[in-house]
Undergrad: 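One structure is given below, represented as structure tokens, and several questions about it will come after.
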Amino acid sequence: MKKILITGAAGFLGSHLCDRFINEGYCVIGMDNFITGDKKNLSHLNDNPNFKFIEHDVTEFISIEGSLDYILHFASPASPIDYLKIPIQTLKVGSLGTHNLLGLAKAKKARILIASTSEVYGDPLVHPQTEDYYGNVNTIGPRGVYDEAKRFQESITMAYHRFHGLETRIVRIFNTYGPRMRLNDGRVIPAFMGQALRGEDLTVFGDGSQTRSFCYVGDQVEGIYRLLLSDYTRPVNIGNPHEITIKDFAEEIIKLTNTNQKIIYKELPQNDPLQRQPDITLAKRLLNWEPKIGREEGMRMTYKYFKTLSEEELFKSEHKNFENHIKK
Ligand code: NAD
Ligand code: UDP
């Protein structure tokens, strides 16, 4: 039985990856410190004999007994609101955490895939974004803590690959959504759906002309799975190329939720990328992968999930774990 360590396991993507690898017959070790994750995302795996969970901060030395075949490094705050609240932790998990996991992969002779992001392209001047574009990032802007941590993460991963011959994979993930996102994480989909459910106006930042391209979690997980098992060591974009402006997206959500909410406009956050769309030519060619779930279907499934959340969850404004971690 192949053994895989998944960091960030209690988060949105990490928990779906745990499910996928359990279903593929792997023995999965999940690791998380719950800074933005939630135990609930893994509760269905509690009694699964092929799943083990270790509560641990990956910026501290990581010790795993026995062999490991694969590592997926997904631990990191991922929402702009989260990484503005915990900037140092964001920098540490992308740098020190990645260093620890690369060291672990080297010691265990395991293949490691790291979760990079479309944010390495910053506010892109090339559209759509191809993997050979170097990006346009403000190192000292508020988003720099995430973008530069991820850019460093890619650099150190390639250095381990070149210098130590480590088997590495890099996925550049574009905006992905679906069940188990945190309703209060500030990202646009939970934000709009939460507002619709609470009967609040939808907050569009700026004039709403900025674009994003949203990928359903099932498609994202399939792309990551194929990339891990491929031979390709350079970064690969995985995302859905269907682009939409945030204003049009807000209107779609109003229609989907069948509410009469109004749109209100708020200031555009500093360095908010004005356009984002993955060029997925490489993923199509290398992995024979492309997204299958359209926005309408994906949003319907996601809204259905948010509707099952309790009143308490719906009105909770901040993640309870931030405070403990910030004090450290
Ligand atoms: P998430 O916040 O739901 O999950 C991140 C998980 O990492 C959480 O469970 C959190 O507790 C854990 N974590 C953070 N720091 C840790 C540490 N030091 N030690 C152990 N665990 C730690 O976010 P997500 O959307 O699931 O994102 C997962 C990964 O995918 C991140 O690396 C993110 O940068 C990347 N990514 C996600 C998207 C997206 O659209 N969802 C886009 C680009 C990149
Ligand atoms: N956004 C918005 N209203 C919100 C939350 C986000 O208009 O309540 C916008 C945000 O400014 C950005 C886009 O939606 O242009 C996507 O934001 P998100 O935080 O989901 O992720 P990003 O792609 O910026 O990392």
Side-chain angles (χ1 to χ4, degrees), residues 6-17 30-39 41-42 54-60 62 72-84 86 89-94 96-98 100-101 114-120 123 143 146-147 149-150 153 171-178 180-182 185-195 200-215 217 220 224 237-239 244-247 249-250 253 263-276 319 321-322 325:
I6 302 180
T7 75
F12 161 53
L13 285 179
S15 64
H16 284 282
L17 286 163
M31 181 172 283
D32 207 292
N33 69 348
F34 301 116
I35 191 166
T36 61
D38 195 331
K39 287 193 170 82
N41 290 337
L42 293 173
I54 303 174
E55 182 169 350
H56 184 70
D57 179 340
V58 299
T59 67
E60 307 285 343
I62 304 165
L72 297 181
H73 179 29
F74 277 67
S76 170
S79 148
I81 299 268
D82 287 349
Y83 54 74
L84 293 185
I86 42 175
Q89 287 82 358
T90 302
L91 280 157
K92 281 175 71 179
V93 74
L96 306 180
T98 303
N100 286 338
L101 286 150
I114 61 135
S116 186
T117 165
S118 52
E119 283 282 322
V120 299
D123 189 6
R143 297 173 86 105
Y146 181 69
D147 300 8
K150 291 290 185 180
Q153 185 182 47
V171 58
R172 288 189 181 148
I173 301 168
F174 281 68
N175 296 67
T176 299
Y177 68 96
R180 302 189 195 149
M181 288 187 99
R182 223 173 71 235
D185 87 356
R187 286 185 272 192
V188 68
I189 293 166
F192 285 175
M193 290 191 179
Q195 286 162 345
E200 295 167 5
D201 297 334
L202 270 57
T203 51
V204 166
F205 297 161
D207 62 3
S209 63
Q210 72 272 30
T211 67
R212 292 296 185 271
S213 311
F214 298 113
C215 181
V217 63
Q220 183 62 243
I224 292 166
N237 290 339
I238 299 285
I244 186 171
T245 67
I246 294 300
K247 180 174 181 297
F249 180 60
I253 294 294
I263 293 176
I264 54 167
Y265 292 88
K266 294 204 160 176
E267 208 184 325
L268 188 69
Q270 200 189 335
N271 299 137
D272 196 296
L274 295 184
Q275 50 183 359
R276 184 180 289 155
H319 194 51
N321 283 336
F322 281 171
H325 288 272

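Just so you know, ligand 1 is whichever comes first in the structure, and atom 1 is the first atom listed for that ligand. The structure displayed is predicted, hence computed values, not measured ones.
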Undergrad: For atom 18 (N) of ligand 1, what's the nearest protein heavy atom and its distance?
TA: D57 OD1, 2.8 Å
Undergrad: Quick one: which of R187, Q210, K266, E119 has a heavy atom closest to atom 9 (C) of ligand 2?
TA: Q210
Undergrad: Is any side-chain N of the basic residue among D82 and R182 closer than 4.0 Å to the acidic one's carboxylate O?
TA: yes
Undergrad: Between T203 and Q195, is any side-chain donor less than 3.5 angstrom from a side-chain acceptor?
TA: yes
Undergrad: Which option, F214, F205, F249, owns the non-hydrogen atom nearest atom 2 (C) of ligand 2?
TA: F205
Undergrad: Closest non-hydrogen protein atom to atom 9 (O) of ligand 1, residue and atom name please, with distance?
TA: D32 OD2, 2.5 Å
Undergrad: Which is it for F74 and ligand 1 at heavy atoms under 4.0 Å: side chain, backbone, both or neither?
TA: both
Undergrad: Contact between S79 and ligand 2, counting heavy atoms under 4.0 Å?
TA: no
Undergrad: Any idea which atoms of ligand 1 are less than 4.0 Å away from a heavy-atom of N175?
TA: 40 (O)
Undergrad: Counting each atom of ligand 1 from 1 as listed, which ones have a heavy atom of Y146 under 4.0 Å away?
TA: 33 (C), 34 (O), 36 (N), 43 (C), 44 (C)
Undergrad: Just to be sure I'm reading this right: ignoring hydrogens, which of R212, R187, K39, E119 gets closest to atom 25 (O) of ligand 1? Compare them by their nearest heavy atoms.
TA: R187
Undergrad: Which of the numbered atoms in ligand 1 are below 4.0 angstrom from a heavy atom of F34?
TA: 11 (O)
Undergrad: Can you check whether R212 has an N/O within less than 3.5 Å of an N/O in ligand 2?
TA: yes
Undergrad: Of the side chain and backbone of K92, name the one, both, or neither that has a heavy atom under 4.0 Å from an atom of ligand 1.
TA: neither
Undergrad: Examine the proximity of ligand 1 to Y177 and report which part, side chain or backbone, both or neither, has a heavy atom under 4.0 Å away.
TA: neither
Undergrad: Nearest non-hydrogen contact with atom 24 (P) of ligand 1 belongs to which option: A78, G37, S79?
TA: A78
